[in-house]
Amino acid sequence: MHARAAAEVNELAEALRAGSVRALARGLTWIEAGGPRAEALAEQLYPHGGRAHVVGITGSPGSGKSTLVRALVRAVRARDAIVGVIAVDPTSPFTGGAILGDRIRMNDLTLDPGVFIRSMATRGALGGLSRATADAVDLMDAAGRNPIFVETVGVGQDEVDIMHLAQTVVVVSVPGLGDDVQAIKAGILEIADIHVVNKADREGADRTIGELRAMLTLLPQKDDARLPPVLPCVAAREEGIEPLREAIAAHRALLEATGALATRRRHTAQTRVLQIAHGLLAEAMAGADGAAAEPVLDRVARREMSPYAAARALLSHVKGEGLAR
Ligand SMILES: Nc1nc2c(ncn2[C@@H]2O[C@H](COP(=O)(O)OP(=O)(O)OP(=O)(O)O)[C@@H](O)[C@H]2O)c(=O)[nH]1
Ligand SMILES: [Mg+2]
């Protein structure tokens with residue numbers, strides 16, 4: 001990277017750490033675009049992260065995640081926290097409306113400089129979305145945002161990975177669990193630290209809460225050695241929000257007290273490093289180095305080379321490039 005570009009990265013990192021909202025917005029735009037500049041910025045800010053409580057909010061489409069985040073943001077703002085929100089929406093280029101919907105629902109919050117909301121929809125290379133989201137969390141963290149809420153529809157692998165960034169995962173369901181359980185993958189149920197049954201103004205909320213509680217006793221025990229609480233909420237009317245805010249804060253305190261926080265951080269580190277390594281390989285195969293990979297893939301297709309040997313060849317190719325840089 002040229003000296004001027006490096007100076008630009010330095011300058012942005014400094015302004016961002018000093019709390020400049022404009023610098024944060026610009027940094028996030030860099031992160032979404034990706035490339036060497038984004039990597040340099042993320043690298044420079046990484047040591048300054050690790051303070052924020054990252055709270056993942058996931059659940060099926062339309063369960064009320066954004067409404068819930070909005071209410072939670074208001075609740076923590078009332079206690080003077082400087083908040084960050086990341087709404088992950090991998091499908092937005094197709095639906096268009098989802099991000100707009102989030103913006104509208106959270107609109108009145110954006111007038112408050114203590115609240116920073118960003119929608120992410122970067123895709124492209126394998127794991128690109130969760131990579132960019134992880135960097136976005138780091139940027140908000142370095143900028144002093146705490147807590148940081150990350151909203152995502154828990155469907156793809158990318159989004160399950162994104163939830164591994166969070167120290168506390170809130171899974172949102174709605175009354176009528178029977179159908180919902182099929183919609184929510186078992187994997188999502190397992191990563192929940194707190195369950196919310198939202199739209200508790202609808203019929204069957206009590207039954208759903210009971211069914212969820214019964215189901216949770218069947219899941220493997222979590223690292224924090226407790227059954228996740230199941231809390232009713234009516235996000236649209238801001239009901240049940242204070243108990244939820246308390247449960248989120250209590251969960252973080254529990255992680256710290258039991259040492260599970262360090263274990264989770266280690267797990268996050270593993271997920272991220274593996275993902276970046278995976279991404280580098282995918283880039284090498286698809287990007288400018290694609291030409292180098294083509295003949296290897298052809299040989300694998302013709303059964304002249306095993307996929308194992310090819311993967312090893314690709315790995316050492318990427319490794320060589322990394323060392324040379
Ligand atoms: N009845 C009722 N409706 C609610 C409640 N909370 C949210 N809603 C409504 O449910 C709809 C979806 O809310 P969102 O907050 O956009 O849900 P979401 O999970 O963020 O949706 P996606 O991001 O599109 O997956 C909206 O029309 C909300 O007004 C609630 O507690 N009760
Ligand atoms: Mg939403």
Side-chain angles (χ1 to χ4, degrees), residues 54-76 83-110 115-123 129-130 133 136-137 147-160 162-163 165-166 168-177 179-185 187-189 191-192 194-209 212 230-245 247-248:
V54 183
V55 181
I57 312 275
T58 188
S60 33
S63 53
K65 298 177 296 295
S66 297
T67 314
L68 201 65
V69 169
R70 181 184 171 283
L72 276 169
V73 165
R74 279 163 55 82
V76 296
V83 189
V85 178
I86 299 172
V88 179
D89 191 351
T91 55
S92 67
F94 303 106
T95 64
I99 277 191
L100 192 63
D102 279 341
R103 290 245 166 88
I104 288 168
R105 259 186 286 293
M106 296 190 189
N107 222 3
D108 57 324
L109 296 177
T110 56
V115 183
F116 192 101
I117 300 173
R118 183 71 170 220
S119 294
M120 308 275 303
T122 315
R123 285 166 308 145
L129 182 61
S130 56
T133 307
V137 166
I148 299 167
F149 295 102
V150 182
E151 175 194 334
T152 181
V153 178
V155 282
Q157 182 57 47
D158 245 14
E159 291 149 292
V160 173
I162 286 167
M163 280 303 111
L165 292 172
T168 303
V169 174
V170 178
V171 172
V172 184
S173 345
V174 292
L177 190 64
D179 314 333
D180 225 38
V181 159
Q182 277 142 21
I184 304 176
K185 293 219 168 78
I188 287 288
L189 280 185
I191 61 169
I194 297 168
H195 282 275
V196 166
V197 174
N198 190 38
K199 309 197 183 186
D201 52 326
R202 289 194 183 165
E203 250 195 55
D206 287 343
R207 194 168 153 216
T208 301
I209 290 170
L212 252 178
V230 182
L231 306 172
C233 280
V234 185
R237 285 196 241 131
E238 300 196 17
E239 287 171 23
I241 303 305
E242 195 49 29
L244 175 59
R245 189 199 62 73
I248 290 171

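Everything numeric in this text was worked out from a predicted model, so none of it was measured. As the structure lists them, so they are numbered: ligands from 1, and atoms in each ligand from 1.
Taking every non-hydrogen atom of Ala236 and a distance limit under 4.0 Å, the qualifying atoms of ligand 1 come out as 4 (C), 5 (C), 6 (N), 30 (C), 31 (O). Near Pro61, meaning under 4.0 Å from one of its heavy atoms, ligand 1 places the atoms 25 (O). Listed by atom number, the atoms of ligand 1 under 4.0 Å from Ser66 heavy atoms are 15 (O), 18 (P), 20 (O).
The shortest N or O to N or O distance between Cys233 and ligand 1 is not below 3.5 Å. Remark: ligand 1 and Gly64 share an N or O pair separated by less than 3.5 Å (distance only, no angle test). Considering backbone and side-chain atoms alike, Gly62 places an N or O below 3.5 Å from some N or O of ligand 1.
Although no hydrogens or angles enter the test, the distance criterion places no donor-acceptor pair under 3.5 Å between the side chain of Thr152 and the main chain of Thr58. Between the side chain of Asn198 and the backbone N or O of Val172 there is no donor-acceptor pair closer than 3.5 Å. In this structure, Lys199 contributes its side chain and Ala205 its backbone to no donor-acceptor pair below 3.5 Å.
Within Glu151, the N, O or S atom lying nearest to the Mg ion (ligand 2) carries the name OE2.
The part of Asn198 lying near ligand 1 is the side chain, judged by heavy-atom distances below 4.0 Å. At a heavy-atom distance under 4.0 Å, atoms from both the backbone and the side chain of Thr67 approach ligand 1.
Coordination check, Thr67 versus the Mg ion (ligand 2): failed, since every N/O/S atom of the residue sits at 2.8 Å or beyond.
Looking at Leu68, Val54, Val170, Val76 one by one, the single match for side chain to side chain contact (heavy atoms under 4.5 Å, CB included) with Phe149 turns out to be Val76.
Not a single heavy atom of Glu239 sits under 4.0 Å from any atom of ligand 1.
Rounded to the nearest 0.5 Å, atoms CG (Leu231) and CD (Glu242) are 12.0 Å apart. Interatomic distance, NZ of Lys65 versus CD1 of Ile57, reported as 10.0 Å (0.5 Å rounding). Interatomic distance, Leu165 CG to Ile148 CD1, rounded to the nearest 0.5 Å: 10.0 Å.
Considering only residues two or more places apart in sequence or on other chains, Arg237 meets the side-chain hydrogen bond (donor to acceptor under 3.5 Å, both in side chains) condition with Glu239.
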